[in-house]
Undergrad: 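This is the structure I want to talk about, given as structure tokens.
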Amino acid sequence: MSNELIPTIKLDEVIELGLQVVDYRKAGDLHFLKSPHRNEHYLFVLVKEGSLKLIVDSREVVIPAQSVYYILPGQVMQHFDTEADAYVIAVDAFLLNQTYKYILDEGCFVQTPVAINAERGGRLKSAISLLGAEVKDASVNSCKEHIKRGLIDAVAGMFAGEYADSTIAHGRKDSSAVRITTAFKRLIFAEYKTLKKPSSYAAALNISTPYLNEAVKEVSGQTVSYWIQNMIMFEAKRLLIYTDKTIKTIAYELGYADYVYFSKMFIGMVKMSPGAFRKKYR
């Protein structure tokens, strides 16, 4: 086990083109999807047949046939097992429509697979195939970039659309609560090691602490403190499972000079000590 943090994937193809399309059946065992890594991009998954089993942020996720799923930038995934006809698309965040990002980011780290009917699944698979063919096409013309952007928009929009109903049903599609929660979530990914209090996040977002807490709870069902602690626990679990660093070192890296306090907080959230957690999941 490496002493370094679990690697963040920086795909050459994504850096160059903004995306990568992967047919899961044709991905070898050494493909990046098959090893533990932190995503730098949005990942979209379509399972047509069989089932795909992943571990995402230490949580087992089973994506059944005729279902879609997505993984957010900053989350850790690991291939667990599969006998699936599946497609995975890695997309750089800057290529995504802002409305789609609002819908996807509302998942707040706990997104779940969504069943998709055969007709829509067929259209999505066709769109993904077109996108993959466009990526592989080496020809150059003045419209190529626009075509690629249009196909990305179509594929990402289809995924976001499958998750939009629950948002629309609560009248939250473009609400200020969603926008605040999205901004808060992005801030957590960047600052969870240094910002530990709800008031610090509220100040960074130029809103009051009660307003931030109200917005986040409306959208996610949980308080700001809950998500701050969960983000820290997600990272602590990743470090405990995927590195050999001591608990004291992990606590320090996560912004806690007092590792005893960190251990008590971990026990309160996870219901076992950091050492017991490492022993159980390693």
Side-chain angles (χ1 to χ4, degrees), residues 9-11 13-22 39-47 56 63 67-75 77 86-117 119-137 142-190 205 215-216 218-220:
I9 293 296
K10 295 180 181 292
L11 300 170
E13 192 171 38
V14 178
I15 292 170
E16 179 183 356
L17 302 175
L19 79 156
Q20 184 181 73
V21 180
V22 179
N39 291 292
E40 191 174 59
H41 318 288
Y42 284 82
L43 286 187
F44 298 97
V45 182
L46 168 66
V47 177
V56 180
I63 311 170
S67 296
V68 294
Y69 183 69
Y70 68 95
I71 299 172
L72 295 165
Q75 290 190 286
M77 70 160 282
Y87 293 86
V88 180
I89 305 95
V91 182
D92 202 311
F94 81 89
L95 290 174
L96 290 184
N97 178 290
Q98 191 63 44
T99 298
Y100 301 160
K101 285 198 280 189
Y102 282 149
I103 293 169
L104 298 169
D105 289 351
E106 189 185 1
C108 290
F109 326 116
V110 289
Q111 59 273 22
T112 57
V114 170
I116 182 171
N117 68 38
E119 181 181 355
R120 294 202 303 272
R123 291 201 302 267
L124 180 53
K125 183 175 180 179
S126 295
I128 292 170
S129 296
L130 285 171
L131 178 59
E134 191 64 30
V135 170
K136 292 177 182 177
D137 185 356
S142 58
C143 294
K144 186 173 179 63
E145 186 65 23
H146 296 288
I147 293 170
K148 185 188 75 175
R149 291 285 186 108
L151 288 169
I152 291 171
D153 202 50
V155 170
M158 289 180 181
F159 273 92
E162 296 300 323
Y163 284 87
D165 288 346
S166 61
T167 305
I168 296 170
H170 291 86
R172 301 192 312 234
K173 184 176 180 182
D174 293 311
S175 72
S176 60
V178 170
R179 291 192 292 273
I180 289 169
T181 302
T182 299
F184 166 65
K185 192 219 72 170
R186 290 173 179 158
L187 191 59
I188 282 183
F189 276 128
L205 295 171
V216 171
E218 177 189 336
V219 172
S220 71

Undergrad: Quick one: closest heavy-atom pair of Y163 and P113, and the distance?
TA: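 Smallest interatomic distance, heavy atoms only, reads OH-CA, 3.9 Å.
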Undergrad: Measuring from I180:CD1 to L205:CG, what's the distance to the nearest 0.5 Å?
TA: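 CG of L205 is found 8.0 Å from CD1 of I180.
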Undergrad: Where is the tightest heavy-atom contact between S67 and A115, given as atom of each residue plus distance?
TA: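 Of all heavy-atom pairs spanning S67 and A115, the closest is OG-CA, 3.8 Å.
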Undergrad: Can you name the residues that form a side-chain contact (heavy atoms from CB on, under 4.5 Å) with R186, not counting sequence neighbours?
TA: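 Counting only residues at least two positions away or on another chain, R186 forms a side-chain contact (heavy atoms from CB on, under 4.5 Å) with Y42, Q98, K101, D105, T182.
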Undergrad: Out of curiosity, T181 OG1 to I188 CD1, how far, rounded to the nearest 0.5 Å?
TA: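 Going from the OG1 atom of T181 to the CD1 atom of I188 covers 10.0 Å.
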Undergrad: Taking only residues two or more places apart in sequence, or in another chain, which ones meet Y87 in a ring-ring contact (aromatic ring centres under 6.0 Å, His included)?
TA: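 ring-ring contact (aromatic ring centres under 6.0 Å, His included) check on Y87 returns nothing, list empty.
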Undergrad: Would you check if L72 and K185 make a side-chain contact, meaning some heavy-atom pair closer than 4.5 Å?
TA: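 Yes, side chains in contact.
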Undergrad: When you compare the side chain of E162 with that of R120, does any pair of heavy atoms fall below 4.5 Å?
TA: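 They are in side-chain contact.
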Undergrad: Any chance you could lay out the ring-ring contact (aromatic ring centres under 6.0 Å, His included) test for F159 and F44, step after step, and finish with the verdict?
TA: CA-CA 7 Å; F159 273 92; F44 298 97; 5.0 Å; yes
Undergrad: How many angstroms lie between atom CD1 of I63 and atom OG1 of T112, to the nearest 0.5 angstrom?
TA: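 So the gap between those two atoms works out to 10.5 Å.
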Undergrad: Using every non-hydrogen atom in the two residues, find where A86 and V47 come nearest and quote the distance to one decimal.
TA: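 Between these two residues, the closest heavy atoms are CB-CG2, 4.0 Å.
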Undergrad: How close do L46 and G121 get, heavy atom to heavy atom, and via which atoms?
TA: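 Looking at all heavy atoms of both residues, the closest pair is CD2-O, 4.2 Å.
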Undergrad: How long is the span from the CG atom in L104 to the OG1 atom in T99, to the nearest 0.5 Å?
TA: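 Rounded to the nearest 0.5 Å, the CG-OG1 separation comes out at 10.5 Å.
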Undergrad: Locate the shortest heavy-atom distance separating L151 from L130; write the atom from each residue and the value.
TA: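 Reported closest heavy-atom pair: CD1-O, 3.8 Å.
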Undergrad: What's the spacing between M158 CE and I128 CD1 if we round to 0.5 Å?
TA: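 Answer rounded to 0.5 Å: 9.0 Å.
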Undergrad: Can you name the residues that form a ring-ring contact (aromatic ring centres under 6.0 Å, His included) with Y69, not counting sequence neighbours?
TA: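 With sequence neighbours excluded, Y69 shows a ring-ring contact (aromatic ring centres under 6.0 Å, His included) to no residue whatsoever.
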